[in-house]
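For reference, the structure is listed below as structure tokens.
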Amino acid sequence: MSNVSDNSPLHCVSIDVEEYFHIEAAYSKVPREQWDAWPSRVERNIDLLLSLFDRHNQRGTFFILGHVAQRHAAMVRRIAEAGHEIASHGSMHDRLHRLTPESFREDLLASKSLLEDQTGKAVIGYRAPTFSVVPQTAWAIDVLAEAGFQYDASIFPVRHPWYGVPSAPDRPFWVQGQPDGPKLLEVPPLTWSPGGLLKPLAKSRGGKLPVAGGGYFRLLPLWFMKKGLAQAALQGRPAVLYFHPWEFDPEMPRMPLSFTGRLRTYRGLKSAAKNLDTIMSRPARWGAIADSLTELRTMADHSPGVDLSHLAA
């Protein structure tokens with residue numbers, strides 16, 4: 001973590017560790033039975049990211065997919081040995097809409113057990129594939145709490161065709177899947193609420209623009225993320241960023257995606273590493289999510305509690 005003041009803004013870089021063919025845009029284009037036929041690129045890209053973290057002397061949170069961990073156990077151990085937090089991204093990159101509470105529990109516990117066996121460390125954080133914890137899948141909160149997870153990072157407080165809960169808070173909060181269910185710490189990704197000419201654009205997204213990473217990081221000018229970071233710092237809320245290893249791989253194989261899928265997937269790959277290096281150079285308290293759980297819980301104590309099943313999607 002950077003040697004800065006305790007009053008500096010809190011920034012957390014998280015990596016959703018998956019292969020390029022795991023993405024939702026490839027769900028119907030690269031079926032699961034073909035996954036092993038596509039060349040793996042994840043280790044090359046993780047090594048690049050580990051070098052970047054090391055250069056900035058920073059820790060991150062790596063939400064690792066079970067399918068990747070099974071095939072790259074040495075890489076998982078390498079991430080953990082470098083001092084980063086190991087968290088779960090589930091087992092097979094299924095959006096929770098395609099699972100039931102029972103199948104989700106099986107998927108979740110399999111990934112948790114695998115990662116803990118590989119690293120010897122407790123796995124306490126989770127992020128759903130495609131941020132698919134939404135009101136329709138509110139049951140996931142109960143399953144996560146019962147499985148011993150201490151926080152979730154899956155609720156994106158924006159409007160998007162595939163995900164998002166625009167009425168959710170833009171800062172840490174306690175979430176329940178039902179009124180009498182257990183509470184779980186929710187740590188949402190960074191958003192920016194702009195004024196002026198961009199305010200109508202934000203309104204279409206629920207009043208907030210998603211500037212935490214992913215396709216937005218590659219498709220939009222870098223100053224969008226910088227504006228979001230500055231606003232979060234002024235408002236005293238943490239900035240949780242997210243990226244995928246394949247986003248730093250200009251030589252990633254081309255999949256048979258739709259036009260929109262190709263645009264979202266392949267645009268901005270060449271500049272992503274340089275732009276992330278620029279962002280990580282900003283003065284802040286950079287660290288893994290687990291490094292700041294006490295502070296995040298205190299923030300949640302001062303935010304309205306959320307019954308996810310009663311929020312508008």
Side-chain angles (χ1 to χ4, degrees), residues 14-46 49 62-76 79 86-118 123 125-134 136-137 139-140 143-144 147 149 152-154 156 160-164 213-215 242-249 251-267 269:
S14 62
I15 308 296
D16 294 355
V17 182
E18 59 194 51
E19 295 276 12
Y20 59 95
F21 48 77
H22 288 138
I23 63 174
E24 185 64 21
Y27 176 71
S28 62
K29 307 295 183 180
V30 183
R32 187 166 296 177
E33 56 270 20
Q34 295 181 12
W35 281 359
D36 288 339
W38 287 81
S40 173
R41 302 282 296 175
V42 70
E43 291 217 33
R44 175 262 183 205
N45 302 321
I46 284 294
L49 288 166
F62 286 69
F63 293 97
I64 303 179
L65 192 70
H67 185 265
V68 170
Q70 287 178 332
R71 288 156 177 77
H72 302 277
M75 181 192 73
V76 174
I79 296 170
I86 303 297
S88 172
H89 199 36
S91 291
M92 297 301 290
H93 211 266
D94 281 305
R95 290 177 70 211
L96 301 194
H97 301 75
R98 295 194 283 267
L99 300 176
T100 64
E102 291 73 25
S103 60
F104 173 57
R105 182 178 292 105
E106 182 179 351
D107 177 280
L108 179 70
L109 292 177
S111 72
K112 188 176 191 292
S113 176
L114 175 62
L115 293 171
E116 290 179 341
D117 287 346
Q118 290 177 337
V123 170
Y126 173 77
R127 175 173 289 148
T130 325
F131 296 103
S132 51
V133 174
V134 295
Q136 296 90 336
T137 59
W139 42 261
V143 177
L144 286 164
F149 284 84
D152 176 61
S154 308
F156 215 141
H160 185 279
W162 289 346
Y163 58 80
Y242 74 96
F243 307 93
H244 308 86
W246 54 264
E247 294 186 280
F248 303 89
D249 187 0
E251 298 177 5
M252 172 176 48
R254 266 43 182 175
M255 297 175 287
L257 307 179
S258 66
F259 172 78
T260 302
R262 292 196 303 273
L263 179 67
R264 289 175 174 170
T265 303
Y266 297 112
R267 187 174 178 87
L269 299 177

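We use all heavy atoms of the structure for the numbers below, so side chains are in, but hydrogens, waters and symmetry mates are not. FYI, the numbering just counts along the sequence from 1.
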* Asked: Of all heavy-atom pairs between Asp107 and Gly90, which one has the smallest distance, and what is that distance?
  -> OD1-CA, 3.4 Å
* Asked: When rounded to the nearest 0.5 angstrom, what is the spacing between CE in Met252 and CZ in Phe21?
  -> 11.5 Å
* Nearest non-hydrogen partners of Leu257 and Ala25, listed with the distance -> CD2-O, 3.6 Å
* Structure fact -> For Ser154 and Val133 the tightest heavy-atom approach is CB-CG2, 3.5 Å
* **Which atom of Gly125 lies closest to which atom of Phe149, heavy atoms considered** => O-CE2, 3.4 Å
* Look at the aromatic rings of Tyr163 and His160 and report parallel, tilted or perpendicular, splitting at 30° and 60°. => parallel
* Asked: Under a 4.5 Å cut-off applied to non-hydrogen side-chain atoms, are Phe104 and Leu96 in contact?
  -> yes
* To do: Please name all residues satisfying side-chain hydrogen bond (donor to acceptor under 3.5 Å, both in side chains) with Glu247, sequence neighbours left out, ordered by chain then number.
  => Arg218, His244
* Between CD of Glu116 and OG of Ser88, what distance do you get to the nearest 0.5 Å? -> 9.5 Å
* **Leu49/Phe243 under side chain to side chain contact (heavy atoms under 4.5 Å, CB included): CA gap, chis, key distance, verdict** => CA-CA 10 Å; Leu49 288 166; Phe243 307 93; 5.8 Å; no
* Could you check if a side-chain atom of Val134 sits within less than 4.5 angstrom of a side-chain atom of His97, using non-hydrogen atoms only? => yes
* Above 12 or not: heavy atoms from other molecules or residues under 6.0 Å from CZ of Arg44? -> yes
* To do: Step by step, work out the salt bridge (Lys or Arg N to Asp or Glu O under 4.0 Å) result for Glu24 and Arg98.
  => CA-CA 12 Å; Glu24 185 64 21; Arg98 295 194 283 267; 3.1 Å; yes
* Kindly indicate whether the side chain of Ser111, heavy atoms from C-beta on, has any atom under 4.5 Å from the side chain of His89. => no
* Structure fact -> Distance col, row Asp16:CG vs Tyr242:OH, nearest 0.5 angstrom, shows 8.0 Å
* Flag if over 12 foreign heavy atoms under 6.0 Å of OH, Tyr27 -> no
* More than 12 non-hydrogen atoms from neighbouring residues, nucleotides or ligands closer than 6.0 Å to CD on Glu33, yes or no? -> yes
* Validation row: Thr130, Phe156 side chains within 4.5 angstrom (heavy atoms) -> no
* Taking all non-hydrogen atoms of both residues, which atom of Ser14 and which atom of Arg127 are closest, and how far apart? -> OG-NH1, 2.9 Å
* Asked: Is it true that a side-chain atom of Ser113 and a backbone atom of Leu109 form a donor plus acceptor pair closer than 3.5 Å?
  -> no
* **Residue list, ring pair (Phe, Tyr, Trp, His ring centres under 6.0 Å) with His72, at least two apart or on another chain** => none
* **Beyond-backbone contact of Tyr126 with Lys112, side-chain heavy atoms, under 4.5 angstrom** => no
* How many angstroms lie between atom CG of Leu99 and atom CG of Asp94, to the nearest 0.5 angstrom? -> 5.0 Å
* **Worked verdict on Trp246 versus Ile23 for side chain to side chain contact (heavy atoms under 4.5 Å, CB included)** => CA-CA 10 Å; Trp246 54 264; Ile23 63 174; 3.5 Å; yes
* Asked: If you look at every heavy atom in Val76 and Ile86, which pair is closest and at what distance?
  -> O-CD1, 4.2 Å
* Between the side chain of Glu19 and the main-chain N/O of Ser40, is any donor-acceptor distance below 3.5 Å? -> no
* Asked: Heavy-atom distance under 4.5 Å between the side chains of Asp249 and Tyr20, does that happen here?
  -> no
Side-chain donor-acceptor contacts of residues 63-71 below 3.5 Å, not counting sequence neighbours, with atom names and distances?
residue: His67; atom: ND1; partner: His22; partner atom: NE2; Å: 3.1
residue: His67; atom: NE2; partner: Arg71; partner atom: NH1; Å: 3.4
residue: His67; atom: NE2; partner: Arg71; partner atom: NH2; Å: 3.4
residue: Arg71; atom: NE; partner: Asp36; partner atom: OD1; Å: 3.3
residue: Arg71; atom: NH1; partner: His67; partner atom: O; Å: 3.2

* Hey, what do you get for OG (Ser103) to CG (Leu108), rounding to the nearest 0.5 Å? -> 11.0 Å
* Separation of Phe62 CZ from Ile15 CD1 (nearest 0.5 Å) -> 5.0 Å
